[in-house]
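The structure appears below as structure tokens.
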Amino acid sequence: MSTTTERPVVEPTFEELATRVDDAVAALAGLEPAARAVAEELKAAVEAIHRAGLVTMVRRMRADDAARAALFDLVDDPTVHLLLSLHGIVRPDPVTHANQVLTQVRPQLHSHGGDVNLVRVQDGIAYVRLEGACNGCSMSSVTLRNLVEESLVAGVPSITAVEVLPNEPSPTLIPVESLRIGRDPAGEGWVKAGAVTDLPLDDLTALTLSTATGAEVSVIVVNAGQRLSAYRNECAHEALPLDNAVLDLGTNTLTCPWHGFCFDATSGECLSAPGAQLEQLPLRVDGGDVWVRVDG
């Protein structure tokens, strides 16, 4: 009587199988062209056989009321879901699918100095953040935004709309001395710009201020919902004046009237071309008067 017991078969883990695939792909790349072509054809033929068999099993299980529940349970298994996704039998989840679509359009966005990040997909809506040239006010930026929206809606069946989320403006560093209370300390460059009541609400005001040395400095003060910001009156693009810039409170943007460059109204961050930020000047309110620091 034999007392030999069979050892249980240890199935390889998913990670081990994936490593084998990666190693094989790496080895394939090192073959001579003729040998690589034969290996790739063998790989494609084997995958085609696997796909045909998987499609047959999925179809028959879907058609059988008793087997359909088991099929749905299998699809929920990460390894099975990945296998079926690789063969195009089941669609990837909306986020994965959307990122695949964005990967295809990203080179075109990069060629114009822009980019896009998918934040989430919820209730059929893809929420994205646009960067660089995609996030401006010019016609080219509108074209890039439309490219993102059209690609997602057309490429991902579960997405019916795209919503662009506002970017968080980069923090603007204000010198500590700008926070001091008191009037124009000698040598610190603070100049009285006028009374707060003289600055129209939800508008910008162009001013010419004189420094302690007698030099004149042209500035603009933006009053967006009683939030005041001061900048040198020069567009960061070509240093042209911003007297007639368009202030849009809905998007909190300031658009240059010359070439359409768009800036965050309260930080000066350029939304059309990163790095072309307006020069923000320290500003404080003291006793109902607005003071701007125009030189050091």
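The basis for the numbers below is simple: all heavy atoms, side chains too, and nothing from hydrogens, waters or symmetry mates.
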What distance separates [X] [atom1] from [Y] [atom2], expressed to the nearest 0.5 Å?
| X | Y | atom1 | atom2 | answer |
| --- | --- | --- | --- | --- |
| Asp289 | Thr197 | CG | OG1 | 8.5 Å |
| Leu118 | Ile159 | CG | CD1 | 7.0 Å |
| Leu207 | Leu199 | CG | CG | 7.0 Å |
| Glu269 | Thr253 | CD | OG1 | 12.0 Å |
| Arg62 | Met57 | CZ | CE | 14.5 Å |
| Asp202 | Leu249 | CG | CG | 4.5 Å |

Task: Sole residue of Leu278, Val246, Asp264 in side-chain contact (heavy atoms from CB on, under 4.5 Å) with Leu254 - done: Leu278
Locate the shortest heavy-atom distance separating [X] from [Y]; write the atom from each residue and the value.
| X | Y | answer |
| --- | --- | --- |
| Cys235 | Cys256 | SG-SG, 3.7 Å |
| Ser210 | Val191 | O-CG2, 3.4 Å |
| Leu283 | Ser229 | CD1-C, 4.3 Å |
| Pro157 | His97 | CD-CE1, 3.8 Å |
| Lys192 | Trp291 | N-CE3, 3.6 Å |
| Ala206 | Asp243 | CB-OD2, 3.6 Å |

Within the structure provided, determine whether [X] and [Y] are in side-chain contact (heavy-atom separation under 4.5 Å).
| X | Y | result |
| --- | --- | --- |
| Leu74 | Met61 | yes |
| Arg293 | Leu281 | no |
| Arg120 | Val95 | no |
| Leu204 | Val222 | yes |
| Glu163 | Val119 | no |

- [ ] Using atom types as modelled and distance alone, determine if a side-chain donor or acceptor of Arg106 lies under 3.5 Å from a backbone N or O of Asp115.
- [x] no
Open item on the list: Closer than 3.5 angstrom, by distance alone: can the side chain of Thr160 be matched with the main-chain N or O of Gly124 as a donor-acceptor pair?
Closed with: yes
- [ ] Test Leu152 against Val105 for side-chain contact (heavy atoms from CB on, under 4.5 Å), laying out the working first.
- [x] CA-CA 10 Å; Leu152 286 174; Val105 303; over 6 Å; no
Open item on the list: Checking Asn223 against Thr205 for the side-chain contact (heavy atoms from CB on, under 4.5 Å) test, could you report, in this order, the C-alpha distance in whole Å, the side-chain angles of both residues, the deciding distance, and whether it holds?
Closed with: CA-CA 8 Å; Asn223 185 350; Thr205 303; over 6 Å; no
TODO: Please say whether more than 12 non-hydrogen atoms of neighbouring residues, nucleotides or ligands are located less than 6.0 Å from CZ in Arg59.
DONE: no
- [ ] Take atom CD of Gln122 as the centre, draw a 6.0 Å sphere, and report whether it contains more than 12 heavy atoms from other residues, nucleotides or ligands.
- [x] yes
TODO: Show which residues join Leu240 in its hydrophobic cluster (side-chain heavy-atom contacts under 4.5 Å, direct or indirect), or state none.
DONE: Trp258
Task: Check ion pair Glu47-Arg51 (N to O, under 4.0 angstrom) - done: no
Return a table of donor-acceptor pairs under 3.5 angstrom between the side chains of residues 19-31 and protein atoms on other chains or two or more places apart.
residue	atom	partner	partner atom	Å
Thr19	OG1	Glu15	O	2.9

Open item on the list: Run the side-chain contact (heavy atoms from CB on, under 4.5 Å) test on Asp248 and Thr255 for me, step by step, so that the C-alpha distance in whole Å, both residues' side-chain angles and the decisive distance to 0.1 Å come before the verdict.
Closed with: CA-CA 8 Å; Asp248 186 339; Thr255 303; 6.0 Å; no
